[in-house]
Amino acid sequence: MIYVFSFIQLFPTNKNVAQAANNSNVCIQNDGLSKQISNLLKTTVNLSNLVSNSDRGVKVAMQTFASPLSNYLKGSSFDQAALDVFSSIPSPLQAVVPIGNAIASLQLGANFSSPIQQDDITVDNMPLRLISGGRPVTIHADSRYQLEEVVAKSGINPVAAVDGGFFSLKFLNSNVMIGPVYSYSTNKFIPGNKGENKKLAGRPLVLIGPYAVRYIPFEPDKHNTLQGIKAEMPLVTDAFVGAAWLVENGEPKPADYFNFLQGAEAVRERAFWGMNKSGVPVIGVSAKKIDSGNLAKVLTEVGFQEAVMLDSGASTSLVYKGQSLVGYIPRPVPHAVALLGSDSDCN
């Protein structure tokens with residue numbers, strides 16, 4: 001089981017894999033590598049589950065591995081005393097339990113090795129500007145800047161970015177976020193204001209790791225520490241609280257879900273990000289003003305499996321290859337969701 005640790009350490013991020021995707025052959029190789037990693041992790045999870053459940057684990061192990069007793073055991077039921085004896089025997093399999101438990105908390109199936117590409121599409125008369133592919137991370141700048149400058153100053157060289165979570169407007173040069181924030185660009189966890197956190201309960205907490213993304217309801221008392229965040233995703237590199245779910249488990253949120261969100265019914269520019277049904281990260285903005293409920297429907301038609309609304313209205317920003325893709329000067333922001341990797345001719 002040391003092989004699991006060693007294998008993962010060879011791929012601390014998928015950054016190198018994505019940067020190598022310069023032709024269709026490499027794209028095919030990356031897809032194969034992604035599947036191999038996924039299969040390895042799934043095997044570890046399954047084995048861990050058997051070991052963690054001693055009754056089931058011992059029985060399956062005894063029934064699977066060749067032994068003079070195997071035929072008898074396959075047709076027999078164990079009494080609890082026998083199970084207790086077998087489960088007390090030390091086994092190298094116990095070593096996979098911590099690994100498997102950690103991996104089991106992730107959502108497998110993410111594809112962070114796809115090339116990054118930009119697409120303009122129209123659905124139900126709503127034009128969308130989307131950028132998909134790569135590995136998602138967040139940027140937490142030291143102040144508020146135009147998104148192009150946030151990207152340029154980040155030091156991580158992302159291909160694309162969209163403005164991220166909500167931030168305090170108290171000071172023009174503040175980078176204080178509303179809710180806790182943990183960023184790949186700084187590797188720093190900053191707790192949210194406890195008074196503000198209470199108002200965020202139930203909103204989507206976005207957790208990003210090197211191999212997976214999770215969206216879970218924010219619990220102020222549980223998720224305002226790095227320890228609490230890592231309890232949900234041990235390998236987490238990024239965390240922040242989104243405005244609201246737009247799409248959850250492939251279903252659009254109904255219009256009345258957004259009643260808690262001020263201005264949800266207003267028609268304005270909207271920023272969003274999520275994962276499509278193929279496990280590829282997607283960031284984007286509406287190229288025309290729209291309300292929250294209708295945006296949820298449109299993103300579902302586009303093929304989002306999960307999507308959350310980001311800071312919208314005057315903050316709505318989208319950058320690709322260092323250039324803004326919105327036709328106005330947006331409000332400066334301190335936070336962004338970015339895509340690492342490279343663009344290519346792969347489709």
Side-chain angles (χ1 to χ4, degrees), residues 11-38 106-121 123 127-139 147-148 150-151 154 156-164 184-185 206-215 237-238 246-247 250 271-287 298-308 310 317-326 336-347:
F11 299 93
T13 71
N14 283 343
K15 185 175 180 180
N16 294 334
V17 176
Q19 287 177 337
N22 294 320
N23 55 59
S24 58
N25 290 331
V26 175
C27 286
I28 294 172
Q29 293 168 8
N30 285 344
D31 183 61
L33 175 62
S34 177
K35 290 179 180 177
Q36 291 174 32
I37 295 174
S38 178
L106 308 180
Q107 287 183 343
L108 299 175
N111 178 3
F112 294 166
S113 62
S114 295
I116 299 172
Q117 59 184 38
Q118 191 254 319
D119 296 288
D120 291 341
I121 64 174
V123 179
L128 300 174
R129 193 148 286 166
L130 306 176
I131 304 174
S132 61
R135 174 193 167 191
V137 297
T138 63
I139 302 169
L147 187 57
E148 302 99 298
V150 170
V151 168
S154 67
I156 61 174
N157 195 32
V159 175
V162 64
D163 67 283
Y184 176 84
S185 68
V206 179
L207 301 176
I208 305 174
Y211 312 105
V213 173
R214 293 187 67 195
Y215 306 90
T237 59
D238 302 81
L246 289 164
V247 181
F272 51 86
W273 100 279
M275 305 287 284
N276 68 19
K277 293 184 183 298
S278 298
V280 175
V282 185
I283 61 176
V285 298
S286 61
V298 168
L299 295 186
T300 304
E301 292 185 40
V302 171
F304 277 82
Q305 178 67 18
E306 302 283 343
V308 298
L310 302 172
S317 316
L318 186 67
V319 169
Y320 182 56
K321 296 182 180 180
Q323 301 298 314
S324 174
L325 297 186
V326 297
V337 179
L339 299 176
L340 299 180
S342 67
D343 59 325
S344 77
D345 295 330
C346 300
N347 291 315

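Here the structure is a predicted model, which is why all the values come from computation and not from measurement. Quick note: residue numbers are just sequence positions, from 1.
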Requested in this report: Report the C-alpha separation of Phe112 and Val213 in whole Å, then their side-chain angles, then the decisive distance to 0.1 Å, and conclude whether the side-chain contact (heavy atoms from CB on, under 4.5 Å) test is met.
Outcome: CA-CA 10 Å; Phe112 294 166; Val213 173; 3.8 Å; yes
If every non-hydrogen atom of [X] is compared with every non-hydrogen atom of [Y], which pair is closest and at what distance?
X	Y	result
Trp273	Pro136	CZ3-CB, 3.7 Å
Gly164	Leu310	O-CB, 3.4 Å
Pro281	Met275	CA-SD, 3.6 Å
Val151	Ala161	CG2-CB, 3.6 Å
Ser114	Val280	OG-CG2, 3.7 Å
Asp163	Ser317	OD1-N, 2.7 Å

Close side-chain approach of [X] and [Y], heavy atoms under 4.5 Å:
X	Y	answer
Gln117	Ser132	yes
Val319	Val162	no
Pro158	Leu340	yes

How many angstroms lie between [atom1] in [X] and [atom2] in [Y], if you round to the nearest 0.5 Å?
X	Y	atom1	atom2	value
Leu318	Gln323	CG	CD	12.0 Å
Glu301	Ile121	CD	CD1	10.0 Å
Ile283	Ile116	CD1	CD1	8.0 Å
Gln305	Thr300	CD	OG1	9.5 Å

**Report entry** salt bridge (charged side-chain N to carboxylate O under 4.0 Å, His left out) partners of Lys277, counting only residues at least two apart
**Finding:** none
Backbone N or O of [Y] within a donor-acceptor pair of the [X] side chain at under 3.5 Å?
X	Y	result
Asp238	Thr138	yes
Thr237	Ile208	yes
Asn276	Phe304	no

**Report entry** side-chain contact (heavy atoms from CB on, under 4.5 Å) evaluation trace for Ile156 with Tyr184
**Finding:** CA-CA 9 Å; Ile156 61 174; Tyr184 176 84; 3.9 Å; yes
Query raised in the report: Where do Leu325 and Val285 land on the side-chain contact (heavy atoms from CB on, under 4.5 Å) test, with the steps shown first?
Result: CA-CA 9 Å; Leu325 297 186; Val285 298; over 6 Å; no
Query raised in the report: Given Phe272 and Val308, is the side-chain contact (heavy atoms from CB on, under 4.5 Å) satisfied, shown in steps?
Result: CA-CA 6 Å; Phe272 51 86; Val308 298; over 6 Å; no
**Report entry** side chain to side chain donor-acceptor pair (under 3.5 Å) involving Ser185 - partner list, sequence neighbours excluded
**Finding:** Ser183
**Report entry** Pairs touching residues 112-121 that satisfy salt bridge (charged side-chain N to carboxylate O under 4.0 Å, His left out), sequence neighbours left out
**Finding:** Asp120-Arg129
